[in-house]
Structure formats: C-alpha cells, structure tokens
Amino acid sequence: MTSLKNISLISLMICGILQFSSQVYAQESVEKVMASTDVEATMKSMSFTYRQAMQATDPSAMHSMIDKLQQLVTSVQLVQFEPKRQTILQQGLTEVQTQLSLVQQSLGASDIKTAKQRLQKVIALKKQYHKERSPSIWRLLFGS
C-alpha cells in the first residue's frame with residue numbers, strides 16, 4: 001500500500017513538472033503571454049479588438065488595440081494544433097503578426113489612415129486561414 005502511495009505521489013509530481021515545463025512563455029514588452037487555452041474565445045476577443053482598433057480615431061488608442069491584438073495572436077501561436085494543420089495555421093498567424101507590425105509602423109508615423117488600410121488586410125488573412133481551421137463537410141468526407 002505504501003509503495004502504491006509513493007508511485008501515486010511520484011506520478012503526480014512528474015505530471016506537475018511536465019505541465020509546468022510544457023507551458024511556453026513569449027516575452028512581450030511588459031506581460032508574459034501564455035498559450036491560449038480556448039482558441040475560439042481568443043479569436044472572438046481578437047475580432048472584438050480588431051473592431052475597436054478600426055473605430056479608433058487617435059493613433060495612441062489604436063496603438064494600444066494593436067498591442068492587444070499582437071498579444072492575442074501570440075497566445076494562439078503558442079497552441080499546438082493537430083499535426084496536419086500546424087504548419088499552415090502557424091504560417092497564417094505569422095502573416096497576421098507581420099501585418100500587425102506594419103500597422104504599428106504606420107501608427108509610429110501617426111498615419112492612422114495607412115494603419116487602418118494595413119489592418120484591413122488582416123481580415124483577408126483571417127478569411128483565408130479560417131478555411132484551413134474548419135474544413136467543409138466535403139473536405140472532411142473526401143479529403144483535400
């Protein structure tokens with residue numbers, strides 16, 4: 001019985017260590033970003049933040065929304081998707097980050113008009129890569 005308790009205790013410790021070590025942190029300016037635990041909720045938050053950024057009239061307000069968007073994208077980038085889609089989804093998220101960096105550059109020059117034009121390209125990327133995230137029923141049945 002004692003050896004069973006020891007084995008249970010050891011396995012709990014190992015699981016705890018593995019869980020802790022598997023959490024990946026990306027260094028941001030102030031905050032640490034952890035992998036999203038609910039990608040769908042994070043995507044909804046990204047959509048809401050995107051709309052707020054597009055409605056912003058002040059470059060500094062838009063800048064803070066873009067910062068938040070970049071952190072949300074980073075949290076999704078840390079997620080391990082199913083192996084078939086991992087590469088393509090990570091590629092899409094990287095393209096979104098690149099586009100958001102271009103938006104930040106425009107905001108740095110206080111050019112909110114160009115920033116919003118660049119931000120609109122994120123929607124095109126979203127549409128393109130969402131097809132990969134949730135394939136059609138035909139694709140599921142007959143493959144790609």
Side-chain angles (χ1 to χ4, degrees), residues 5-144:
K5 283 183 181 180
N6 288 340
I7 292 172
S8 295
L9 182 59
I10 290 170
S11 64
L12 280 173
M13 288 174 43
I14 290 172
C15 288
I17 290 169
L18 289 175
Q19 184 178 9
F20 179 76
S21 66
S22 69
Q23 291 179 349
V24 180
Y25 294 97
Q27 184 65 38
E28 285 294 319
S29 57
V30 177
E31 298 180 37
K32 290 185 180 185
V33 179
M34 290 184 6
S36 175
T37 55
D38 186 351
V39 174
E40 187 175 337
T42 303
M43 292 291 185
K44 286 180 182 179
S45 182
M46 287 169 63
S47 180
F48 178 72
T49 306
Y50 173 88
R51 286 192 305 274
Q52 287 181 316
M54 287 301 285
Q55 293 172 354
T57 56
D58 178 49
S60 64
M62 189 174 180
H63 181 74
S64 68
M65 292 296 109
I66 300 304
D67 280 343
K68 183 175 180 181
L69 261 175
Q70 287 179 311
Q71 289 180 348
L72 290 167
V73 172
T74 299
S75 74
V76 176
Q77 282 179 303
L78 297 173
V79 172
Q80 290 297 311
F81 297 101
E82 67 178 85
K84 284 186 192 178
R85 296 195 184 113
Q86 178 71 21
T87 303
I88 192 76
L89 293 176
Q90 289 299 331
Q91 176 185 341
L93 291 166
T94 300
E95 288 180 34
V96 169
Q97 283 289 30
T98 301
Q99 196 61 39
L100 291 174
S101 294
L102 293 172
V103 172
Q104 290 287 33
Q105 288 176 2
S106 296
L107 290 172
S110 296
D111 187 357
I112 198 163
K113 182 179 176 183
T114 302
K116 286 186 179 187
Q117 288 172 347
R118 288 178 169 174
L119 188 57
Q120 286 178 338
K121 292 180 182 175
V122 170
I123 290 299
L125 290 169
K126 172 188 166 186
K127 288 177 183 177
Q128 177 184 346
Y129 286 100
H130 267 221
K131 290 177 187 173
E132 294 296 329
R133 183 182 68 94
S134 45
S136 71
I137 186 71
W138 302 112
R139 193 176 202 188
L140 290 173
L141 291 174
F142 300 111
S144 47

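Only a predicted model underlies this, so the values are computations on that prediction, with no experimental measurement involved.
- Counting heavy atoms from C-beta outward, Leu89 and Val79 have side chains that stay 4.5 Å or more apart.
- Taken to the nearest 0.5 Å, the CG atom of Leu102 stands 11.0 Å off from the CG atom of Leu107.
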What side-chain donor-acceptor pairs closer than 3.5 Å can you find for residues 46-57, not counting sequence neighbours?
unit_1	atom_1	unit_2	atom_2	d
Ser47	OG	Arg51	NH1	2.9
Thr49	OG1	Ser45	O	2.8

For side-chain contact (heavy atoms from CB on, under 4.5 Å), just list the numbers for Val103 and Lys121, CA-CA rounded to whole Å, side-chain angles, deciding distance to a tenth of an Å, and then say yes or no. CA-CA 10 Å; Val103 172; Lys121 292 180 182 175; over 6 Å; no
Verdict with reasoning, Leu72 to Lys68, per side-chain contact (heavy atoms from CB on, under 4.5 Å): CA-CA 6 Å; Leu72 290 167; Lys68 183 175 180 181; 4.2 Å; yes
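- We find the OG-CE distance between Ser106 and Met62 to be 8.5 Å, quoted to the nearest 0.5 Å.
- One distance of note links CG of Asp38 with CE of Met43; it measures 10.5 Å at 0.5 Å rounding.
- Listed by first then second residue, pairs satisfying salt bridge (charged side-chain N to carboxylate O under 4.0 Å, His left out) with a partner in residues 97-119 number zero, not counting sequence neighbours.
- Residue Glu95 forms a side-chain hydrogen bond (donor to acceptor under 3.5 Å, both in side chains) with just one option from Gln99, Gln97, Gln91, and that option is Gln91.
- Annotation: side chain of His63 is not in contact with side chain of Ile66 (no heavy-atom distance under 4.5 Å).
- Annotation for Ala61 and Ser64: closest pair O-OG, 2.8 Å, computed over non-hydrogen atoms.
- Among the candidates Arg85, Gln80, Lys84, the single residue satisfying the side-chain hydrogen bond (donor to acceptor under 3.5 Å, both in side chains) test with Glu82 is Arg85.
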Derivation and outcome, side-chain contact (heavy atoms from CB on, under 4.5 Å), residues Ile88 and Phe81: CA-CA 10 Å; Ile88 192 76; Phe81 297 101; over 6 Å; no
side-chain contact (heavy atoms from CB on, under 4.5 Å) between Gln104 and Asp67: does it pass, once the steps are laid out? CA-CA 8 Å; Gln104 290 287 33; Asp67 280 343; 2.7 Å; yes
